[in-house]
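In this text the structure is predicted, and so the values were computed from the model without any measurement. Proteins get letters first, then strands, A, B, ... in listed order; numbering begins at 1 in each. Basis for what follows: all heavy atoms, side chains included, without hydrogens, waters or symmetry-related copies.
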2 protein chains.
Amino acid sequence: MRFASPPKGRFDMSNQVTLQTVADRVGVSRTTVSNAYNRPNELGAALRERILQAAAELGYRGPDAAARMLRSGHMGAIGLLFTEDLRFVFTDPDTTSFMQGVAETSALSGTGLTLLPAPPGVALSGTAVDSAAVDGHIVFSVADGDPALESVLSRNQPVVVVDEPDLGNRASFVGIDDRAGARLAAQHLLDLGHTHLAVLLGRLTSETRSGHVGTDRERTATMRIARERIAGYRSAVVDAGLDETSLVLWEAGGNDPDSARRAAVDLIEAHPTVTGLLCFNDQIAIGASQAGQLVGRHIPDDLSLVGFDDVPRALTWDPPLTTIRQPLVDKGRVAADLLLKEIHGGPPRRAILPIELVVRASTAPPLARVD
Amino acid sequence: MRFASPPKGRFDMSNQVTLQTVADRVGVSRTTVSNAYNRPNELGAALRERILQAAAELGYRGPDAAARMLRSGHMGAIGLLFTEDLRFVFTDPDTTSFMQGVAETSALSGTGLTLLPAPPGVALSGTAVDSAAVDGHIVFSVADGDPALESVLSRNQPVVVVDEPDLGNRASFVGIDDRAGARLAAQHLLDLGHTHLAVLLGRLTSETRSGHVGTDRERTATMRIARERIAGYRSAVVDAGLDETSLVLWEAGGNDPDSARRAAVDLIEAHPTVTGLLCFNDQIAIGASQAGQLVGRHIPDDLSLVGFDDVPRALTWDPPLTTIRQPLVDKGRVAADLLLKEIHGGPPRRAILPIELVVRASTAPPLARVD
DNA sequence: ATCAATTACTGAATCGATACAGTAACTTTC
DNA sequence: GAAAGTTACTGTATCGATTCAGTAATTGAT
């Protein structure tokens, strides 16, 4: 939808109250009124009081945002870029927790938060994504080379990338050690005695694809996190002396439980000897657990499940999920904090947040089986 | 947190590329370049191509947002005001579904979406809430007379209020017939044969309070929806010939399952004869169902539960919830749509969305009991 | 062939506020 | 009591783009 008629502008200038109006009323200069709002200690308290008083009487609401932005060059807002489908953005607990953290920190600093949805396949030009009035951007988990990311980077403003991609020194970064986290998850299953593991991933690229992941597909992965976690899972398997190729990689086609459930059914059918399933996140693990129920596999006796993230539901799910905890809300807070600091002149930084294996009831030693 | 140092402004003017730069390069006037971006059919296609080409070469990213805003008076963004705690905003399925709808519609129209969190007890002045660069506001479910709402209204821009309060002709409105919905819910329980009903509300005011709601407390309610629903529940009870005072009103102190669970335990203890519980929304019903389990009441045999909203989880919950469905995502879409239309010169409107009783497994006739 | 209408462009004024240099009045210092 | 410093203000240039009145060139109508 694009509107034919432009929005009503500021063209009823008749009774516009501006800084000048207030200045005239009080009998001071425009500058002094501006200072009354922005630099309270550059003028006497009594005068300031008189000015604010007059402003209130005239119904003046404070300096016009657009004019201030133009002159001062700062927008008082940060942008939050997503490239996922909006249905996903507002449903996925990882994403909403992250947003909560960002919103908390930006609200505390009095900074506005502008959402910049750039779902795949929608043109960017003329949208908020390339013209939003913001001082910097947080980019949340985007595939390598995404056009929306390029657009954001070309604005030459501070950017904080969260999770992926890793732009090196082109932008600040907030994330975790995904490889180590994945390794921790796999190690846990290996320690329990599992020898037949599989990985159930959400997506390797921004396109939806599901099913077995061969080396060809793996090589095309544009999601950094997926690549890192695969490397982590694999390194634990290799170090345990198992054959690297014995680690089955399977793609769900989405990070939601429904996609995961469907994919897990196929995976279990194709690889019935697998007893330990490494899930890309808790939503995937939830789907996998539903799949287990569907195909008659008891969790954890017939199939152990390790999630990732430790979303609130991981604790209340039946069975409660063993998972790798990462501080999602903090991630949002830290991202906003780094961005705000950088906007105010600080240097770009990298923040790696801690992770932790949380053992609950979705993992157990494999049942002894007659091979 | 407030930053001492102002953000770095636009004071490295050295190699700023502006409309003028592009105009000089091509050898046309500033106006023509502006037209190339904003009014493509006001100039020849070939010239337009040359201009865009030159802009690309110069790395010009299109008209500066702040300058455009100042001159044209329109911001290209809408604000979304919340007064709930941010933890709640991003966790509550009603709210996130609504946000999804708003985000979808604003993204489609190329309009930015600025989040304006105004949790209680945080000063407004100087924050994004009273100075955000937006063309209008959507106000989501706010208590009567909230200061953030007043601040938004004083900007003399289009406002769409969702659910509450009802400002009459001071603002556009999107909501449902809450009274009818509540009536439908109560009627369903009455039809099943229940004679001892209670209402478990989230909150009647923006302050947190839990426990029995007497007439005094009821009279102070500042949340319109709560008042309407109470009236609806009560009207069904009265029309069924039951004593109006037999309808127990109980406040949970929050719209989350945890608050509801705790409150429901107390409620059941205080009023053990109640067999039908009218829950303010599905989150409350989920909490109540957990409470039922805690105190050994089987749902629906020992206690029937009716929710409200029909969030996705209502279907997958055990037992699946009987509820009043309202189109939450649509509500967001409609709100954004009304606001955009009003910004573009349309009149204020009221939209009342449809509701529907969805009968699932959380309600059943009361067990015959020996009184 | 003439006048009117349309198209494609230009130049100047303007939006409202902020930055910055400048200044008058007042205070401190020795 | 003169020089130096501080405080509290003013005046002007400026931010970058859009609007609008106007003009020259082209097309169309009669």
Side-chain angles (χ1 to χ4, degrees), chain A residues 5-24 26-51 55 58 60-76 126 131 133 135 155, chain B residues 5-24 26-51 55 58 60-76 126 131 133 135 155:
Chain A
S5 68
K8 280 170 56 183
R10 67 165 93 234
F11 300 102
D12 178 14
M13 230 53 76
S14 45
N15 51 357
Q16 256 286 46
V17 180
T18 75
L19 266 192
Q20 185 69 68
T21 321
V22 179
D24 291 348
V26 181
V28 295
S29 80
R30 207 153 68 236
T31 305
T32 302
V33 180
S34 172
N35 284 336
Y37 282 96
N38 302 311
R39 302 158 159 191
N41 48 353
E42 296 260 312
L43 74 174
L47 178 55
R48 173 156 197 266
E49 216 25 72
R50 270 208 298 144
I51 290 174
L58 290 164
Y60 180 68
R61 290 189 35 85
D64 179 89
R68 156 183 285 162
M69 285 177 193
L70 174 60
R71 186 63 183 104
S72 73
H74 98 263
M75 309 297 167
S131 65
D135 295 314
R155 296 182 66 162
Chain B
S5 67
K8 280 171 55 182
R10 69 164 93 233
F11 300 102
D12 178 13
M13 230 54 77
S14 44
N15 50 359
Q16 257 285 46
V17 180
T18 75
L19 267 192
Q20 186 68 67
T21 321
V22 179
D24 291 348
V26 181
V28 295
S29 78
R30 205 154 67 233
T31 305
T32 303
V33 180
S34 173
N35 285 336
Y37 282 96
N38 303 310
R39 304 160 155 188
N41 47 355
E42 296 259 313
L43 75 172
L47 177 57
R48 174 156 196 265
E49 215 25 70
R50 270 208 298 146
I51 291 174
L58 290 164
Y60 180 66
R61 289 189 36 87
D64 179 88
R68 153 183 286 162
M69 285 177 194
L70 174 59
R71 186 61 183 107
S72 72
H74 98 262
M75 309 296 167
S131 64
D135 295 314
R155 296 183 63 161

Colleague: Starting at CZ of B:R30 and ending at P of C:dT14, how long is that distance when rounded to a whole Å?
Modeller: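 B:R30 atom CZ is separated from C:dT14 atom P by 14 Å.
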Colleague: Within the 4.0 Å heavy-atom criterion, would you say A:V28 contacts the bases, only the backbone, or no part of the nucleic acid?
Modeller: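 Sugar-phosphate, backbone atoms only, no base.
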Colleague: How close do B:G73 and B:D135 get, counting heavy atoms only, and between which atoms?
Modeller: O-OD1, 4.2 Å
Colleague: Heavy atoms only: give me the nearest B:V17-B:V22 pair and the separation to one decimal.
Modeller: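 Closest heavy-atom pair between B:V17 and B:V22: CG1-CG2, 4.3 Å.
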Colleague: Considering just the side-chain nitrogens and oxygens of A:Y37, establish if one lies under 4.0 Å of OP1 or OP2 belonging to C:dG16.
Modeller: no
Colleague: Report yes if a donor N or O on one partner sits less than 3.5 Å from an acceptor N or O on the other, where the partners are the side chain of A:T31 and the base of C:dA19; otherwise report no.
Modeller: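 Per atom types, the contact qualifies.
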Colleague: I need the CG-P distance between B:D64 and C:dC15, as an integer number of Å.
Modeller: 19 Å
Colleague: B:L70 side chain: which of C:dA17, D:dA17, C:dG16 is closest?
Modeller: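 Given the options C:dA17, D:dA17, C:dG16, the side chain of B:L70 is closest to C:dG16.
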Colleague: To the nearest Å, how far apart are A:R39 CZ and D:dC9 P?
Modeller: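 Rounding to the nearest Å, CZ of A:R39 and P of D:dC9 are 14 Å apart.
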Colleague: Classify A:N35 by what it touches in the nucleic acid, base, sugar-phosphate, or nothing, heavy-atom distance under 4.0 Å.
Modeller: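 The answer is nothing, as A:N35 stays clear of every strand by at least 4.0 Å.
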Colleague: Check the distance between C:dG16's P and A:H74's NE2 and give it to me in whole angstrom.
Modeller: 20 Å
Colleague: Heavy-atom distance under 4.5 Å between the side chains of B:V26 and B:L47, does that happen here?
Modeller: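 A side-chain contact exists here, since the closest heavy-atom pair is under 4.5 Å.
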Colleague: Any side-chain donor paired with an acceptor under 3.5 Å for A:S34 and A:T31?
Modeller: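 On atom types as modelled, these side chains do not qualify, holding no pair under 3.5 Å.
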Colleague: Locate the shortest heavy-atom distance separating B:R68 from B:P63; write the atom from each residue and the value.
Modeller: NH2-CG, 3.8 Å
Colleague: Is the distance from OP1 or OP2 of D:dT10 to the nearest side-chain N or O of A:T32 less than 4.0 Å?
Modeller: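 Yes, within the criterion.
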Colleague: For the pair made of CD in A:E42 and P in D:dT10, what is the distance, rounded to whole Å?
Modeller: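 Distance check: A:E42 CD to D:dT10 P gives 13 Å.
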Colleague: Need one value for A:L19: base, sugar-phosphate or nothing, where a base atom within 4.0 Å counts as base even if backbone is also close, heavy atoms only.
Modeller: base
Colleague: C:dT18, OP1 or OP2 - any side-chain N/O from A:R68 closer than 4.0 Å?
Modeller: yes
Colleague: Send over the distance from B:N41 CG to C:dT6 P, rounded to a whole Å.
Modeller: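 Going from CG in B:N41 over to P in C:dT6 covers 15 Å.
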Colleague: Look at B:N38 and D:dT18 and indicate whether a side-chain polar atom (N or O) is within less than 4.0 Å of OP1 or OP2.
Modeller: yes
Colleague: Rounded to whole angstrom units, what separation is found between the CG atom of B:L47 and the C1' atom of C:dC9?
Modeller: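 Rounded to the whole Å, the gap is 9 Å.
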Colleague: Report the distance from atom CZ of B:R61 to atom P of D:dG16, rounded to the nearest whole Å.
Modeller: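 Interatomic distance, CZ of B:R61 to P of D:dG16: 15 Å.
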Colleague: Counting just side-chain N and O atoms, does A:S29 come under 4.0 Å of either OP1 or OP2 of D:dT10?
Modeller: yes
Colleague: Report yes if a donor N or O on one partner sits less than 3.5 Å from an acceptor N or O on the other, where the partners are the side chain of A:R71 and the base of D:dT14; otherwise report no.
Modeller: yes
